[in-house]
Visitor: 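Below you will find the structure I want to go over with you.
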Amino acid sequence: MSFDYDLFVIGGGSGGVRAARVAAGENGAKVALAEEDRYGGTCVIRGCVPKKLMVFASEFSGTMQDAQAYGWDVKPGGLDWNMFHDKLVAELDRLEGVYRNILKNNGVESFDQRAHVVDAHTVELADGTRKTAKHILIATGGRPVVPEFPGSDLAITSNEIFHLEKLPQSILIVGGGYIASEFAGIMNGMGVKTTQFYRGAQILRGFDEEARGLICEEMRQNGIDVRLGTNVLEMTKEGDQIRVKATDGTEDQFDVVMYATGRAPNADNLGLEAVGVERGRKGEIVVDEYSQTGVPSIFAIGDVTDRVNLTPVAIREGMAFVETVFKGNPTPVDHELIPTAIFTQPEFGTVGLSEEDAAAQEPVEVYTTSFKPMQKAFAGGTQRVLMKLIVSQATRKVLGCHIVAPGAGEMIQLAGIAVKMGATKEDFDRTVAVHPVMAEELVTMRQPVRTA
Ligand code: NDP
């Protein structure tokens, strides 16, 4: 049977574009891709990239204070949001163009339309055109979800935060995950009076407790009103503001309320039920280790499969899919020991197990040090950083590495290589310190602070 294409990709985000480009460009496959929104997907258009640029913008307030403390004659003014936003929009436009060109230059035919699956080898575009393909790859990503409660429609999400008309004077951010905690730091740094509600006992659930504790403490030191054990009961419009009634009995008014309470896979109305593709409890597409659904010609990668919802993981899944399907080399996706960074202020880099998870698994030694970094201490800052290693007593392998410090994302990328290679504590010890940097503490911690 002949098909229009070897591969039809639905979704032009990080995962879909990578799979399409490698299948076409490196493997000579005939590939098409449909995208209903902007090319680049969540990461490029409304996620990692604009977020990081906003982190950079927000960090200058602290940098300027430090500069003054170092003797510089600088006077911090406010952030010109409009100027920053215009540049942000231009940069996103540029990057979208880059993504479109990647597809074009690799011979991928793209359709700026929504597509859904009709049968195991057919997709239908929004204009009714049908295309057949030997393989269909679904890479439609995810979207933020806001729980339903009185006034929930007044909340914005991370989709809108990048394009505020003006910088608000006050913001409430609800949630304690990556997105909420990152934006609390961003808004605070930009000079917005920032409150964060988290319903649980400590933000960043699932990560190392000591690291979470320090991050929360430092966020509070930076001026963020982090209210733990607190949730929204109802919201009402009051003039230009939003009045928020909270579970702790308080009532406050905010210019903007942003919900970052999790994301849902974009797997609705894709025709999946009709062809028998299974979906999980959160609505995600169920796939095996090769990203294959129960329908052999249909695969899915990235956030729509709700495995590990990170851009580099979606890219890996896309590459492994191409390796498996177009190179005849079945390649399972390796989801073990993924280093990651959370751009809170202070930044958090982490790989492997938290102390709590490691101790539940086997006897461990815990090496940890917390200190005032030289650069900040000189400027009179009280900020502390944390370097922490969790070591298996049996194998001596480093099971987890957690860094809370400026630049922790850069550090954990490198520490991640050692941990992924199975480095032992003694391997870390054998490595000569780089001096004077914060990360040298990773190779100079001699005695465990505790066993667990
Ligand atoms: P998360 O799932 O990480 O966090 C959701 C937060 O909202 C949790 O604190 C959760 O609380 C809370 N929550 C959930 N439901 C409710 C509710 N009904 N009312 C109040 N609070 C609620 O989601 P995010 O949206 O922050 O991030 C989504 C994913 O995006 C992440 O898991 C990550 O994979 C990815 N991401 C990665 C980044 C990076 O690498 N730096 C940056 C941003 C996102 P509880 O803990 O109690 O469940």
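Numbering of ligands and ligand atoms starts at 1, following listing order.
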Visitor: Could you walk me through whether Leu172 and Val232 pass side-chain contact (heavy atoms from CB on, under 4.5 Å), step by step?
Guide: CA-CA 10 Å; Leu172 169 65; Val232 173; 4.1 Å; yes
Visitor: Tell me, please, which residues at least two apart from Val145 pass side-chain contact (heavy atoms from CB on, under 4.5 Å).
Guide: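 side-chain contact (heavy atoms from CB on, under 4.5 Å) check on Val145 returns Ala264.
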Visitor: With atoms numbered from 1 as shown, which atoms in ligand 1 lie under 4.0 angstrom from a non-hydrogen atom of Ala341?
Guide: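 Under 4.0 Å from Ala341, ligand 1 has these atoms: 39 (C), 40 (O), 41 (N).
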Visitor: Is Asp268 paired with Arg279 through a side-chain N to carboxylate O contact shorter than 4.0 Å?
Guide: yes
Visitor: When only distance counts, is Gly175 in polar contact with ligand 1, meaning an N/O pair under 3.5 Å?
Guide: no
Visitor: Nearest protein heavy atom to atom 2 (O) of ligand 1, by residue and atom, and its distance?
Guide: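 Minimum-distance protein heavy atom for atom 2 (O) of ligand 1 reads Gly262 CA, 4.1 Å.
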Visitor: Which atoms of ligand 1 sit under 4.0 Å from any heavy atom of Lys51?
Guide: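 Those qualifying, in numeric order: 41 (N), 42 (C).
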Visitor: Less than 6.0 Å separating the ring centroids of Phe84 and Phe60?
Guide: no
Visitor: Give the residue, atom name and distance (to 0.1 Å) of the protein heavy atom nearest atom 17 (C) of ligand 1.
Guide: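 Answer, as residue, atom name and distance: Arg199 NH1, 3.4 Å.
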Visitor: What residue and atom, counting heavy atoms only, is the protein's closest point to atom 19 (N) of ligand 1, and at what distance?
Guide: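 Among all protein heavy atoms, the one nearest atom 19 (N) of ligand 1 is Asn231 ND2, 3.3 Å.
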Visitor: Taking the six-membered ring for Trp, are the ring centroids of Phe162 and Phe183 within less than 6.0 Å of each other?
Guide: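 So the answer is yes for these two rings.
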Visitor: Do me a favour and list the nearest non-hydrogen protein atom to atom 7 (O) of ligand 1 with residue, atom name and distance?
Guide: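 The closest one turns out to be Thr261 CA, 3.1 Å.
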Visitor: Between Cys48 and ligand 1, find which residue part has any heavy-atom pair under 4.0 Å and reply side chain, backbone, both or neither.
Guide: neither
Visitor: Where does Ala260 meet ligand 1, judged by heavy-atom distances below 4.0 Å: at the side chain, the backbone, both, or neither?
Guide: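 Within the 4.0 Å criterion, Ala260 contacts ligand 1 through backbone atoms alone.
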Visitor: What are the atoms of ligand 1, with element, lying closer than 4.0 Å to any heavy atom of Leu310?
Guide: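 It comes down to these atoms of ligand 1: 34 (O), 37 (C), 40 (O).
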Visitor: Closer than 4.0 angstrom, basic N to acidic O: yes or no for Glu218 and Lys376?
Guide: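 Salt bridge flag = no for Lys376 with Glu218.
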Visitor: Quick check: does Phe343 get an N/O under 3.5 Å from an N/O on ligand 1?
Guide: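 Min N/O separation from ligand 1 is not below 3.5 Å for Phe343.
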Visitor: Taking 4.0 Å as the limit for heavy-atom contacts, which would you say applies to Tyr198 with ligand 1: side chain only, backbone only, both, or neither?
Guide: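 Within the 4.0 Å criterion, Tyr198 contacts ligand 1 through side-chain atoms alone.
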Visitor: Just to be sure I read this right, does ligand 1 sit under 4.0 Å from the backbone of Val308, its side chain, both, or neither, counting only heavy atoms?
Guide: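 Neither part.
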Visitor: Should the heavy atoms of other residues, nucleotides or ligands under 6.0 Å from CZ of Arg100 be counted, would the total exceed 12?
Guide: yes
Visitor: So, Phe207 versus His402, ring centres under 6.0 angstrom or not?
Guide: no
Visitor: When you measure from atom 38 (C) of ligand 1 to every protein heavy atom, which one gives the shortest distance, and what is it?
Guide: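 The closest one turns out to be Tyr178 CD2, 2.9 Å.
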Visitor: What is the closest protein heavy atom to atom 29 (C) of ligand 1, and at what distance does it sit?
Guide: Arg263 CD, 4.2 Å
Visitor: Starting from atom 26 (O) of ligand 1, what is the nearest protein heavy atom, named by residue and atom, and what distance separates them?
Guide: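 Here the nearest protein heavy atom works out to Ile179 N, 3.0 Å.
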Visitor: List the steps, then state whether side-chain contact (heavy atoms from CB on, under 4.5 Å) holds for Glu35 with Asp112.
Guide: CA-CA 5 Å; Glu35 167 58 57; Asp112 294 359; 5.6 Å; no
Visitor: What part of Val232 sits under 4.0 Å from ligand 1 if we count only heavy atoms: the side chain, the backbone, both or neither?
Guide: neither
Visitor: Would Val275 and Ile298 satisfy side-chain contact (heavy atoms from CB on, under 4.5 Å), going step by step from the backbone distance to the final call?
Guide: CA-CA 10 Å; Val275 289; Ile298 302 181; 4.1 Å; yes
Visitor: Any atoms of ligand 1 less than 4.0 Å from a non-hydrogen atom of Thr340? List them with their elements.
Guide: 40 (O)
Visitor: Considering only non-hydrogen protein atoms, determine which one is nearest to atom 4 (O) of ligand 1 and report residue, atom name and distance to 0.1 Å.
Guide: Gly177 CA, 3.5 Å
Visitor: If I take atom CZ from residue Arg227 and atom CZ from residue Arg220, how far apart are they, to the nearest 0.5 angstrom?
Guide: 10.5 Å
Visitor: Working to the nearest 0.5 angstrom, can you tell me the gap between Ile338 CD1 and Lys420 NZ?
Guide: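 That separation rounds to 7.5 Å.
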Visitor: Check for me whether Gly200 has a heavy atom closer than 4.0 Å to any atom of ligand 1.
Guide: no
